[in-house]
Amino acid sequence: MARTIQSLERAAAMLRLLAGGERRLGLSDIASALDLAKGTAHGILRTLQQEGFVEQDAASGRYQLGAELLRLGNSYLDVHELRARALVWTDDLARSSGESVYLGVLHQQGVLIVHHVFRPDDSRQVLEVGAMQPLHSTALGKVLSAYDPVAHSEAVEASREAFTAHTLTGLEDFEGVLDLTRARGWAADVEETWEGVASVAAPIHDRRRMPVGAVGITGAVERVQRDGELRPEIIAAVRDCARAVSRDLGAQRF
């Protein structure tokens with residue numbers, strides 16, 4: 001059996017204690033409940049406080065759960081709500097475009113695919129829910145990098161690998177693409193990640209006008225483009241889908 005890390009176990013026990021007991025607990029209460037020395041309990045609480053997981057009331061000195069836990073919880077709920085709200089709209093987008101549709105969110109320096117609608121034909125396809133895509137070369141990743149400051153920082157600081165001869169790896173070029181993405185409200189990937197494949201994506205916002213994900217289509221270049229240009233009807237359909245999901249999430253003016 002793999003060994004566990006005692007300090008993490010104790011920190012988790014503290015968070016559960018604060019979540020399940022009184023609104024605020026003092027150091028002595030926490031140490032006694034968990035059978036810890038006060039010094040040990042205080043050190044763990046101080047670390048949790050620095051990370052935003054615990055807050056200390058200035059007047060009483062008692063501890064309570066911090067706002068960072070709420071943010072993490074909301075992130076978990078947001079992904080599930082995002083997927084639920086997008087189900088109908090992404091199905092419609094796949095039917096209207098004739099291409100595969102992907103819903104992605106920022107995760108661990110990349111794009112996590114949380115929903116995938118197959119291309120509506122009889123071809124053999126593989127479900128890619130749970131797959132990771134790069135931020136700098138995919139349409140989904142560019143959208144997230146353009147609208148989400150955290151994603152932007154991740155993409156800028158990461159090593160931008162050249163997957164094909166068309167991949168932009170230079171920082172100045174990449175920032176230029178993000179400026180263009182923000183100006184027109186959508187991003188494209190034409191053989192920058194996979195040879196022969198093109199994608200178009202647009203951002204999804206929530207009621208706080210925060211970017212919570214991106215939706216896009218992916219297909220063969222010859223189908224997504226016409227006469228060397230991205231088909232405008234596909235771009236319009238992707239943007240309409242993103243706006244519809246955003247409205248369902250409570251966003252205004254989308």
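Computed from heavy atoms alone, side chains included, the values below leave out hydrogens, waters and symmetry copies.
Note on L178 and V215: separate hydrophobic clusters, where clusters join Ile, Leu, Val, Met, Phe, Trp and Tyr whose side-chain heavy atoms are under 4.5 Å apart, directly or indirectly. Under the 4.5 Å side-chain heavy-atom criterion for Ile, Leu, Val, Met, Phe, Trp and Tyr, L36 and I30 are members of the same hydrophobic cluster. Using a 4.5 Å cut-off between side-chain heavy atoms of Ile, Leu, Val, Met, Phe, Trp and Tyr, with links allowed through other members, I113 and W194 fall into different hydrophobic clusters. In the hydrophobic clustering of ILVMFWY residues, with side-chain heavy atoms under 4.5 Å counting as a link, V117 and Y102 come out apart. V143 and M132 fall into different hydrophobic clusters, where Ile, Leu, Val, Met, Phe, Trp and Tyr side chains are chained together by heavy-atom contacts under 4.5 Å.
Rounded to the nearest 0.5 angstrom, T47 OG1 and M14 CE are separated by 9.5 Å. For the atom pair D206 CG and D248 CG, the distance stands at 13.0 Å (nearest 0.5 Å). Remark: E175 CD to L180 CG distance equals 13.0 Å, nearest 0.5 Å. Taken from OG in S246 to CZ in R207, the straight-line distance is 11.5 Å, to the nearest 0.5 Å. Taken from CG in L93 to CG in D240, the straight-line distance is 9.0 Å, to the nearest 0.5 Å. Residue T40 holds its OG1 atom at 11.0 Å from CG of L34, rounded to the nearest 0.5 Å.
Between I217 and V101, the shortest heavy-atom distance links the atoms CG2-CG2, 3.9 Å. Between A94 and P120, the shortest heavy-atom contact is O-CG, 3.3 Å. Closest of all the heavy-atom pairs between C241 and W89 is SG-O, 3.7 Å. Pairing each heavy atom of T193 with each of P134, the nearest pair is CG2-CG, 4.2 Å.
Judged by distance alone, with hydrogens and angles left aside, the side-chain atoms of S153 form a donor-acceptor pair with the main-chain N or O of P149 at under 3.5 Å. Put simply, the side chain of S32 never gets that close to the backbone of S28: no donor and acceptor are under 3.5 Å apart. Judged purely by atom type and a 3.5 angstrom limit, D148 has no side-chain atom pairing as donor or acceptor with the backbone of S145. At distances below 3.5 Å, at least one donor-acceptor pair connects side-chain atoms of R83 with backbone N or O atoms of V114. A donor-acceptor pair is defined here as one N or O able to donate and one able to accept, closer than 3.5 Å; no such pair exists between the side chain of H116 and the backbone of L127.
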*Going through the checks in order, is the side chain to side chain contact (heavy atoms under 4.5 Å, CB included) test met by V221 and V197?*
CA-CA 5 Å; V221 172; V197 176; 5.5 Å; no
_Criterion side chain to side chain contact (heavy atoms under 4.5 Å, CB included) on I204 and R85, from CA distance to verdict_ = CA-CA 11 Å; I204 296 172; R85 298 287 186 180; over 6 Å; no
*T181 and W186: side chain to side chain contact (heavy atoms under 4.5 Å, CB included), yes or no, with the steps?*
CA-CA 5 Å; T181 298; W186 56 274; over 6 Å; no
*asked:* Let's go through Q225 and V190 carefully: what are the C-alpha distance in whole Å and the side-chain angles of both, what is the deciding distance for side chain to side chain contact (heavy atoms under 4.5 Å, CB included) to 0.1 Å, and is it a yes or a no?
replied: CA-CA 9 Å; Q225 287 190 328; V190 180; 3.7 Å; yes
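Two residues are said to be in side-chain contact when any heavy atoms from C-beta on lie closer than 4.5 Å; L25 and L17 meet this criterion. For the pair L249/E81, a side-chain contact is recorded, criterion being any heavy-atom separation below 4.5 Å from C-beta on. Using a 4.5 Å heavy-atom threshold, the side chains of E229 and D227 count as separate.
A 6.0 Å sphere centred on CD of E172 holds no more than 12 heavy atoms belonging to other residues, nucleotides or ligands. Heavy-atom contacts from other residues, nucleotides or ligands closer than 6.0 Å to CD of E222 number more than 12. Surrounding CG of D35 are at most 12 heavy atoms belonging to other residues, nucleotides or ligands under 6.0 Å away.
With respect to E154 and R160, no salt bridge is recorded, no charged nitrogen being found less than 4.0 Å from a carboxylate O. Checked for salt-bridge contact, E192 and K142 meet the test: a charged N lies under 4.0 Å from a carboxylate O.
The side-chain contact (heavy atoms from CB on, under 4.5 Å) with L106 is formed by just one residue from the set V150, V111, L140, L112; it is V150.
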Only distances under 3.5 Å count here; give the side-chain donor-acceptor pairs of residues 54-61 to other protein atoms, sequence neighbours excluded, each with its distance to 0.1 Å.
from	atom 1	to	atom 2	distance (Å)
E55	OE1	Q64	NE2	3.4
E55	OE2	A67	N	3.2
Q56	NE2	G61	O	3.0
Q56	NE2	Y63	OH	3.3
D57	OD2	A59	N	3.4
D57	OD2	S60	N	2.8
D57	OD2	S60	OG	2.8
S60	OG	R62	N	3.2

Got a list of side-chain donor-acceptor pairs under 3.5 Å for residues 230-239, not counting sequence neighbours?
from	atom 1	to	atom 2	distance (Å)
R231	NE	E233	OE2	2.9
R231	NH1	R223	O	2.8
R231	NH2	E233	OE2	3.1
E233	OE2	R226	NH2	2.6
R239	NH1	R184	O	3.3
R239	NH2	R184	O	3.4

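Sorted by first then second residue, the ring-ring contact (aromatic ring centres under 6.0 Å, His included) pairs that include residues 143-175, not counting sequence neighbours, are H136-F163, Y147-H205.
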